[in-house]
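Since the model is a prediction, treat every value here as computed from it, not as a measurement. The basis for the numbers below is simple: all heavy atoms, side chains too, and nothing from hydrogens, waters or symmetry mates. Every chain is numbered from 1, with letters handed out A, B, ... down the list of sequences.
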Number of protein chains: 2
Amino acid sequence: MAANRRPTLADVAREVGVSAKTVSRVLNEDGPASARTREQVLAAVAKLGFQPNLMARNIRVGGPDTTIGLVIPDLGNPFFGAVARSIEDTVRDRGLTLLMGSSADDPDRERALTDKFLARRISILMVVPSVGADHSHLKTHRAAGLPVVFLDRPGAGLSTDSVVSSNRDGAHQGVAHLIAHGHRRIGFIGDLPTKLYTRRERLAGYRAALQEAGLPYDRSLVANAHDQQGASAATAQLLGLADPPTALFAGNNIVALGIVTELARSKRKDVAVVAFDDVELAEALEPALTVVAQDAEEIGRAAATTALARLDGDRSRARTVTVPTRLIVRGSGERPAPVLQEA
Amino acid sequence: MAANRRPTLADVAREVGVSAKTVSRVLNEDGPASARTREQVLAAVAKLGFQPNLMARNIRVGGPDTTIGLVIPDLGNPFFGAVARSIEDTVRDRGLTLLMGSSADDPDRERALTDKFLARRISILMVVPSVGADHSHLKTHRAAGLPVVFLDRPGAGLSTDSVVSSNRDGAHQGVAHLIAHGHRRIGFIGDLPTKLYTRRERLAGYRAALQEAGLPYDRSLVANAHDQQGASAATAQLLGLADPPTALFAGNNIVALGIVTELARSKRKDVAVVAFDDVELAEALEPALTVVAQDAEEIGRAAATTALARLDGDRSRARTVTVPTRLIVRGSGERPAPVLQEA
DNA sequence: GTGAAAGCGCTAACAA
DNA sequence: TTGTTAGCGCTTTCAC
C-alpha cells in the first residue's frame, strides 16, 4: 500500500552483518569472498528482494548507460519496427537495451528526444533524421566517444556513420522493370516533404530509368503524398489526367498501400504498379505486387555492427553503408501496357 | 579523438565563478537567480556543451527514472508497434520515454528484460506476458509503488491492471458472420502455444458461435501455427481433409497472412475467411478481407491512462479493461458456401 | 577475506 | 540572491 522504500546495498549489508562493499563484491563477482559470506549475502538479497540500482552504479563507474537511443519517425511503421528488431537482436548479447521514441519527422521532437537520451548517457545514438533537423550539436558527444549512426537517411551538419538503402538504384531498377514491360507513361507518387532524402533519391532513380530508355520526364506524372489517404487521392488524380499513366511507381510502403487500395476500390486492373519497400500480403494481391524490397534486417544489423565497432574503439573515418535493395517480381509490373488513347 | 570527459555542473560553475548549486538553480528554474547570473550560466552551458546527467539527478532526488519499460513479444509485429505508438502519444506530455524490448514469448527473456528495466528504476512497467511466465516477483515492486500493467493478456501470479481485447466476443462475432453466410464447416487456425490466453479465448468464442448455431465442434478443423509459413501449411492441410472446411477463421494477424497467402497461391477463391486482427491491404484483396479488428490505439491509451492514474496515487483495486473489437465486413466472409462435395 | 573512507554528479536543507 | 554541507546508492582505493 504505502510506497515502501526499496532496499539498498546497505540494507542487505546490515541484514547480514557485513559491510556494503562485501555485498557489492559478492554481487559483482569482484574480489574474493568466503563461501559462507556469499551464501548469507545471497540469502539476504533474496529475502529483501534487493535489486541493485543501475543508475547509482553507472554514476559511480562513470561509464555510459547500457542503452541505445533510437529515434524513428513512427513506432507504428512496420519497416522501422523490423529495423528495430534487427538492432535489438544484434546488440542483445552485449547487454544493451533500446530506448525508443518517434519523431513524427518533426525536427523539434527529434531534438527533444535525442536530448533526453543524451542526458541519460546512452551508449549509442541511432537516428532516422527528420527533414530540416541539424545535427551539429552532436559533435561534442561524438568527441566524447558516443557512437552516432544515422539510419535510412544521412544526417545534416555532422559527418558520421550512416546506413541507407540503395534508393536510387532500387528505384531505377523498379522503373526499368515497368519500362521493359512496355510502359511509357509511368507515374511517381512520393512522400512529402519533397526534400526528404529517400524521396529525392528514389525520384532520381525514376528519372534515370526514364532517361536511359529515352522517355521524357513529365512533371505532371509526379505527385506527392504523405499518408495512405493522400496516396489514394494522388492515384485518383493521376489516373484522371487527360493523358494518364499506365503504370505507377510507389515511393514507399505507405504510398503503396494507398495506391493499391485506390486501384482496388476503382477496379482498375489495367494499371501496373511497382512499389518501393515490401508490404505484407503483397503476394496475395491480384496481381501480386512487384516491389523493390528494402532489407530492414540488414539495415539494422549493419547499423548495430558499426556502432559496436565504434564502441570498441574503431576510430576510422565515418562510413556510409549502402544496403542493396532487391527487385521482387510478382506480377503487378508485367501487364502489357494498354494502347494509349489520345487526349 | 580522445574521449574527452563530459562537462559537469561543477565545470560550469567554475567557468562562471559561482557555486554548483547556483547553476543547478538556473537550469531547473528552482529558487531565485539574478538576471545577470542566469545569463552567464546559460552562456557557459552553451559554451561547454553541458548537459545535465539525468542519472545523477534521479539518484539524488530519489524518484524513479522517467521511463516506461515495455516488453512485447516482437518489435516487428505491427500490432504491437501500433500499441507502442499509442502509449507513447499518451505519455509524451508527462515527459516519459519508452524503454522497449522483445521477449519472443520466452519467459526467460521476458524476465531478463523486466529485471533490467527494474534495475533502471523505471516509472511504469508494461508487459505482454509470455506463456509460462510467473510474475509474483513483481509484488515487491508493486508494493513499492511501481505501476504494472499487463497488455493483451492477463499476467500470472499477480493480480494487477490489465488491458485486453474482447477476444472471445470478437471471435464469436466473426465466426457467427461466417455461419450467417451459410458456412457449416469452419476451420480455426490459431497461435502456438496452445495455452496462450488470446488463442484460448478466441477458440472459446469460435466454439460458442458453433454451439449457438447448433453446429458440431470438430477437432480436426482446429489447427495450430506460430508463424506465417506454419499458417500456410495448416491451411493446406485443412483444405486437404476428406471433408474440408468451406471457411477459415484466423486466430491472429500473422496467421491471417499465412492463410490468405496460401489461398492466393493455390487459387482457392471458394474459401471464406475472417481474421482476428486487421492487416494492411485487407481491403485491397479479392475479395476484401473481413476482419475482427483490435483497437490497438485504444489498448495503448487505456494502458497508459491506467498506469498514469496509479502513478498519481490511484490505489483502487486492480482492474481489467476490455477494449471492444469491431467486425469490419469487407466481403471475404460473405461468399455462399459451395455445395459440400463428398469424400 | 574484509572494511573504512572518499567520491561519482547532482540536489535538499540549511545557512549567510 | 547565493553558498555550504551533506548525502542519494553505489564502487574505487587503500588499508587491515
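- Using modelled atom types and a 3.5 Å distance limit, the side chains of A/Thr160 and A/Arg142 yield a donor-acceptor pair.
- Below the 3.5 angstrom threshold, one finds a donor paired with an acceptor across the side chain of A/Arg25 and the base of C/dG3.
- Note on A/Ser24: every side-chain N or O is 4.0 Å or more away from OP1 and OP2 of D/dC10.
- Residue A/Thr37 places at least one side-chain N or O under 4.0 Å from the OP1 or OP2 atom of C/dT2.
- Taking five base pairs at each end of the helix from C/dG1-D/dC16 to C/dA16-D/dT1, the local helix axes there meet at an angle of 40°, rounded to 10°.
- Residues from residues 40-64 of chain B that place a heavy atom under 4.0 Å from any atom of DNA chain C, listed by number: B/Phe50, B/Pro52, B/Asn53, B/Ala56, B/Arg57, B/Ile59, B/Arg60, B/Val61.
- In terms of position on DNA chain D, the residue among B/Arg38 and B/Arg121 whose nearest nucleotide sits closer to the 5' end is B/Arg38.
- Between A/Glu298 and A/Ser165, the closest side-chain pair of non-hydrogen atoms is not below 4.5 Å.
- Spacing between atom NZ of A/Lys21 and atom C1' of D/dT13 amounts to 9 Å, rounded to whole angstrom units.
- There is no side-chain donor-acceptor pair under 3.5 Å between B/Ser103 and B/Asp105.
- Between A/Ser316 and A/Asp314, the side chains place a donor N or O and an acceptor N or O closer than 3.5 Å (distance only, hydrogens not considered).
- In this structure, the CG atom of A/Leu9 is 13 Å from the C1' atom of D/dC8, given to the nearest Å.
- With rounding to whole Å, B/Asn28 atom CG is found 16 Å from C/dA13 atom C1'.
- For B/Arg6 and C/dC10, the CZ to C1' distance is 16 Å, given to the nearest whole Å.
- For A/Ser34 and C/dT2, the shortest distance from a side-chain N or O to OP1 or OP2 is below 4.0 Å.
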Please walk me through it: do A/Arg111 and A/Asp106 pass salt bridge (charged side-chain N to carboxylate O under 4.0 Å, His left out)? CA-CA 9 Å; A/Arg111 179 62 187 266; A/Asp106 172 354; over 6 Å; no
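- Across all their heavy atoms, B/Arg121 and A/Gln51 have their closest contact at NH2-O, 2.8 Å.
- Taking atom CZ of residue B/Arg120 and atom P of nucleotide D/dG9, one finds them 18 Å apart after rounding to whole Å.
- Residues A/Thr67 and B/Leu99 form a side-chain contact, since some pair of their non-hydrogen atoms from C-beta on lies under 4.5 Å apart.
- Here D/dC10 presents its P atom at 15 Å from CG of A/Asp65, a figure rounded to the nearest Å.
- No side-chain heavy atom of B/Val163 sits under 4.5 Å from any side-chain heavy atom of B/Asp152.
- If you take CG of A/Asp30 and P of D/dT13, they are 10 Å apart, rounded to a whole angstrom.
- For the side chain to side chain contact (heavy atoms under 4.5 Å, CB included) with B/Arg94, the qualifying choice from B/Ile68, B/Thr66, B/Asp312 is B/Asp312, the only one to do so.
- For A/Ser19 and C/dG3, the shortest distance from a side-chain N or O to OP1 or OP2 is below 4.0 Å.
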